[in-house]
Amino acid sequence: MPKILSTHTLHPRASAMLTGAGELAVASGLDADTLATEARNADIIIVRAPLPSVLFEGATKLRAAIRHGAGLDMIPMEAATAAGVLVANVPAVNARSVAEHVMFAALALSRRFRMVDRDLRTKGWLAGREHANSNSELAGKTIGIVGLGAVGQAVGHIAAHGFDLNVVATTRSMRPAPDKVGFLSIDALVEQSDIIILCCPLTPETRGLISRERIGRMKPDALLINVSRGPVIDDDALIEALKKGRIGGAALDVFSTQPLPPGHPYFSFDNVIVTPHMAGITEQSMMRMGVGAAGEALLVLANRLPVNLRNPEVVEHYRRRFPADA
Ligand SMILES: NC(=O)c1ccc[n+]([C@@H]2O[C@H](COP(=O)([O-])OP(=O)(O)OC[C@H]3O[C@@H](n4cnc5c(N)ncnc54)[C@H](O)[C@@H]3O)[C@@H](O)[C@H]2O)c1
Ligand SMILES: O=C(O)[C@H](O)COP(=O)(O)O
């Protein structure tokens, strides 16, 4: 029976799909050594935690690494490809969940939800209400989307049609813009946006994209929302800007170090919302991501290629490793 190792427990519907096709096990730890050791016996690994490159050197049976979700940064692509391992992801199926989280964050920051809730509980009704005078509506403001893929387009749609926001975006391909979206360069976008949404992948080009210089160009009351990956932002520069009151606030779902260590400066700001990398996690998206990942695993076990193969250059090498495969 083929072995499927998953870094995390899958949605019951996803595990049910794999019953009979493979023996499903959940990794007993997420550290590099444990993952590398347990992957040695696996035919397929389903990935929700960063994999070490070394895992691919010792995993001689491994056919595929399948991302449960969109972001491929958790899989060292070069090491996987060099080892002849197929890499796939499950794109777009959590985009609606992420977009709803983004709108929740924009509303929570604009309505100072953290401070209102805290002060109402600890200081009473009037203290909570005091914040409201400087609260703001979203309508008529400009939302700037960095990365107009599945998440960015879902955010743009809700923002334009549900909240009457003006939508501008910057994206790698700058293909014809969807309805109600105007394209800008990244520098113009950070200067002109009231709310900046980061939803691009982490790549060599996007690492540090929100630099000290770009944070310096933001409006003094700009809100920065990151659902991409932590290293897209220069943390030192953002922390300094928050300390000096140089921007209005931030909502951060992803961090350069995860889990965010206790006592991290981001915990200290009233105008910063922190969430534990959960923008894309809802009951609905967990089912869709799990089912999508299980579907890709079933294709590989049936000697076919995954639908969302992300390293097509591996196929020749893969076919040499598993000659019976498609
Ligand atoms: N926080 C979460 O729970 C969560 C959930 C889903 C996705 N994500 C993150 O969001 C990313 C995007 O997800 P998606 O489903 O929209 O992916 P996607 O592939 O559909 O879209 C990514 C978009 O980013 C654009 N892009 C790439 N490089 C860029 C650059 N240098 N500047 C501007 N735009 C650039 C691409 O052109 C594309 O339009 C994922 O890679 C992942 O890192 C996080
Ligand atoms: O990249 C993604 O789609 C998100 O980070 C969610 O991924 P997860 O299913 O591994 O939490």
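In listed order, ligands and their atoms are each counted from 1.
By heavy-atom distance, the residue among Gly69, Pro201, Ser97, Ala169 lying nearest atom 26 (N) of ligand 1 is Pro201. Nearest to atom 36 (C) of ligand 1 by heavy atom, out of Val93, Ile281, Val98, Thr171, is Thr171.
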Evaluation steps, side chain to side chain donor-acceptor pair (under 3.5 Å), between Ser110 and Lys141: CA-CA 11 Å; Ser110 302; Lys141 299 208 158 174; 5.9 Å; no
Would you please test Thr282 and Ser285 for side chain to side chain donor-acceptor pair (under 3.5 Å) and show each step? CA-CA 5 Å; Thr282 58; Ser285 70; 3.2 Å; yes
When you look at Glu205 and Thr203, which way does the side chain to side chain donor-acceptor pair (under 3.5 Å) test go after all the steps? CA-CA 5 Å; Glu205 293 76 43; Thr203 64; 3.2 Å; yes
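Met286 pairs in a side-chain contact (heavy atoms from CB on, under 4.5 Å) with only one of the listed residues (Asn94, Val93, Ile281), which is Ile281.
Across all their heavy atoms, Arg310 and Pro91 have their closest contact at NH2-CG, 3.4 Å. Across every non-hydrogen atom of Val167 and Gly156, the tightest pair is CG2-O, 3.8 Å.
Assignment of Ser228 to the shell around ligand 1 is supported, since a heavy atom sits closer than 4.0 Å.
Nearest protein heavy-atom contact of atom 12 (C) of ligand 1 is Cys199 O, 3.3 Å. The single protein non-hydrogen atom nearest to atom 35 (C) of ligand 1 is Arg172 N, 3.6 Å, given as residue, atom name and distance. Scanning all protein heavy atoms for the shortest distance to atom 1 (N) of ligand 1 gives Asp253 OD2, 2.9 Å. Looking only at protein heavy atoms, the nearest one to atom 13 (O) of ligand 1 is Val151 CG2, 3.8 Å. Taking atom 21 (O) of ligand 1 as the reference point, the nearest protein heavy-atom neighbour is Gly149 CA, 3.1 Å. Looking at atom 17 (O) of ligand 1, its nearest protein heavy atom turns out to be Ala150 N, 4.5 Å. Considering only non-hydrogen protein atoms, atom 11 (C) of ligand 1 sits nearest to Cys200 O, 3.6 Å. Atom 30 (C) of ligand 1 has as its closest protein heavy atom Thr206 CG2, 3.6 Å.
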Tabulating one pair per line, provide the atom names and distances (0.1 Å) for every N/O atom of ligand 2 that is less than 3.5 Å from a protein N/O atom.
residue	atom	partner	partner atom	Å
ligand 2	1 (O)	Arg67	NH2	2.8
ligand 2	1 (O)	Ala70	N	3.4
ligand 2	1 (O)	Gly71	N	2.8
ligand 2	1 (O)	Arg229	NH2	2.9
ligand 2	3 (O)	Ala70	N	2.6
ligand 2	3 (O)	Asn94	ND2	2.8
ligand 2	5 (O)	Arg229	NH1	3.1
ligand 2	5 (O)	Arg229	NH2	3.2
ligand 2	5 (O)	His277	NE2	2.7
ligand 2	7 (O)	Arg67	NH2	3.1
ligand 2	7 (O)	His68	O	3.4
ligand 2	9 (O)	Arg48	NE	3.2
ligand 2	9 (O)	His68	O	2.6
ligand 2	9 (O)	His68	ND1	2.8
ligand 2	10 (O)	Arg48	NE	3.4
ligand 2	10 (O)	Arg67	NH1	2.8
ligand 2	10 (O)	His68	O	3.1
ligand 2	11 (O)	Arg48	NH2	3.1

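Contact atoms of ligand 1 toward Asn94: 5 (C), 6 (C) (distance under 4.0 Å to a heavy atom of the residue). Short contacts between ligand 1 and His277, defined as distances under 4.0 Å to a heavy atom of the residue, involve ligand atoms 1 (N), 2 (C), 3 (O). Residue-ligand proximity, Leu148 to ligand 1, at heavy-atom distances under 4.0 Å covers atoms 39 (O). Those atoms of ligand 1 that come under 4.0 Å of a heavy atom in Gly280, given as number and element, are 2 (C), 3 (O). Set against the non-hydrogen atoms of Ala70, the atoms of ligand 1 under 4.0 Å away are 15 (O).
Neither Phe104 nor Met278 shares a network with the other; the hydrophobic side chains, linked directly or stepwise wherever heavy atoms of I, L, V, M, F, W or Y lie under 4.5 Å apart, form separate groups for each. Hydrophobic clustering (ILVMFWY, side-chain heavy atoms < 4.5 Å, transitive): Ile225 and Leu107 are in one cluster. Under the 4.5 Å side-chain heavy-atom criterion for Ile, Leu, Val, Met, Phe, Trp and Tyr, Val116 and Leu109 are members of distinct hydrophobic clusters.
Polar contact with ligand 1: absent for Asp73 (N/O pair, distance under 3.5 Å). The distance criterion of under 3.5 Å between nitrogen or oxygen atoms is met by Val227 with respect to ligand 1. In terms of N/O distances under 3.5 Å, ligand 1 is not approached by Leu202.
Protein non-hydrogen atoms do not reach within 4.0 Å of atom 19 (O) of ligand 1.
Counting heavy-atom neighbours within 6.0 Å of Phe113 CZ, excluding the residue itself, gives a total of 12 or less. More than 12 heavy atoms of other shown residues, nucleotides or ligands fall within 6.0 angstrom of atom NZ in Lys61. By the 6.0 Å contact criterion, CZ on Arg13 is open, its count of non-hydrogen atoms from other residues, nucleotides or ligands being 12 or less. Heavy atoms from other residues, nucleotides or ligands lying under 6.0 Å from CZ of Arg121 number 12 at most.
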Would you list the atom pairs, donor with acceptor, under 3.5 Å between side chains in residues 75-86 and any protein atom, with sequence neighbours excluded?
residue	atom	partner	partner atom	Å
Thr81	OG1	Met77	O	2.8
Thr81	OG1	Asn311	ND2	3.1

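The aromatic rings of His264 and Tyr266 lie parallel to each other, with less than 30° between the two planes, well short of the 60° mark.
In this structure, CG on Asn308 lies 5.5 Å from CG on Asn89, to the nearest 0.5 angstrom.
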